[in-house]
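If you're wondering where the values come from, they're calculated on a predicted model, not measured in any experiment. The residues of the chain are indexed from 1 along the displayed sequence.
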Amino acid sequence: MAYIATYAHAQGYNVGVLDAESHGLGIQQAAQVINALQLRWVGFNLIAPTYHLTATIAAVRGTDDPVLTR
């Protein structure tokens, strides 16, 4: 993910990286941070151990979908 961010930054894009796990953010908190930023593009690392967590965050990206509280 950092390689992609570095390349995008070198091409002039404003880039940020959020490591939700290292910040102790849960699914709901990570989704809220991502949605609050109203980003044009969001990339996710889909490694096997965290796939279901990432898929849940991605499913509600850009929405206020209550799926996170079900």
TODO: Flag yes if Y13 and I34 sit in one hydrophobic cluster, no otherwise; membership is Ile, Leu, Val, Met, Phe, Trp, Tyr, and two members link when side-chain heavy atoms are under 4.5 Å apart.
DONE: no
Tightest non-hydrogen contact, residues H23 and L18, listed as CD2-CD1, 4.1 Å
Practice task
Is it possible for you to say whether L53 and V33 belong to one hydrophobic cluster, with membership spreading through side-chain heavy-atom contacts below 4.5 Å?
Solution key: yes
Find out if a path of hydrophobic residues (ILVMFWY) with successive side-chain heavy-atom gaps under 4.5 Å connects F44 to L25. yes
Within a 6.0 Å radius of atom CD on Q38, are there more than 12 heavy atoms belonging to other residues, nucleotides or ligands?
no
Task: Residues I57, V42; criterion side chain to side chain contact (heavy atoms under 4.5 Å, CB included); working and verdict - done: CA-CA 11 Å; I57 294 168; V42 176; over 6 Å; no
*asked:* Taking CG in D19 as the centre, count heavy atoms belonging to other residues, nucleotides or ligands within less than 6.0 Å. Is the count above 12?
replied: yes
Taken to the nearest 0.5 Å, the spacing of I4 CD1 from W41 CH2 works out to 13.0 Å
